[in-house]
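Here the structure is laid out as structure tokens; the discussion comes afterwards.
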Amino acid sequence: PDSKISGVFHGQEVGRTAAKALLNRIRCHLMLGDVDGAKKDHTALKKYADSYVLDPQGGKRTFFDVANEVLAGKQGP
């Protein structure tokens, strides 16, 4: 859980690999129709405020924020 994302996609992702893993687990849960599992991982993702994606304008979007969009259906699982 303490390992760091390093040099992924030219540095567009920053933080702990556990946060990225939880985001992808949320997507997997949703693809399998397991909304409760997705919500559980979403809650766990909240503690990773130090992990984020840089948008094209250089703004920070936490993995938790991205997960909010996935859960709201604004991004495909």
### Summary
To the nearest 0.5 Å, atom CD1 of Ile26 lies from atom NZ of Lys39 at 12.0 Å
### Task
Without swapping roles, check the side chain of Thr62 against the backbone of Ala49 for a donor-acceptor pair under 3.5 Å.
no
### Query
Atom OG in Ser51, atom NZ in Lys60: separation rounded to 0.5 Å?
11.0 Å
### Message
If the test is side chain to side chain contact (heavy atoms under 4.5 Å, CB included), which one of Leu45, Leu22, Thr43 qualifies with Phe64?
### Response
Leu45
## Note on the structure
The ring pair (Phe, Tyr, Trp, His ring centres under 6.0 Å) partners of His29 (sequence neighbours excluded) come to none
#### Entry: Leu54 versus Tyr52, closest heavy-atom pair with distance
CD2-CE1, 3.7 Å
### Message
Taking side chain to side chain contact (heavy atoms under 4.5 Å, CB included) as the definition, give me every residue that meets it alongside Asp36, ordered by chain and number, with sequence neighbours left out.
### Response
Asp34
### Nearest atoms (heavy-atom pairs only) where Lys47 meets Arg16
O-NH2, 3.8 Å
### Query
Do Leu71 and Val35 share a hydrophobic cluster, counting only Ile, Leu, Val, Met, Phe, Trp and Tyr and linking them when any side-chain heavy atoms are less than 4.5 Å apart?
yes
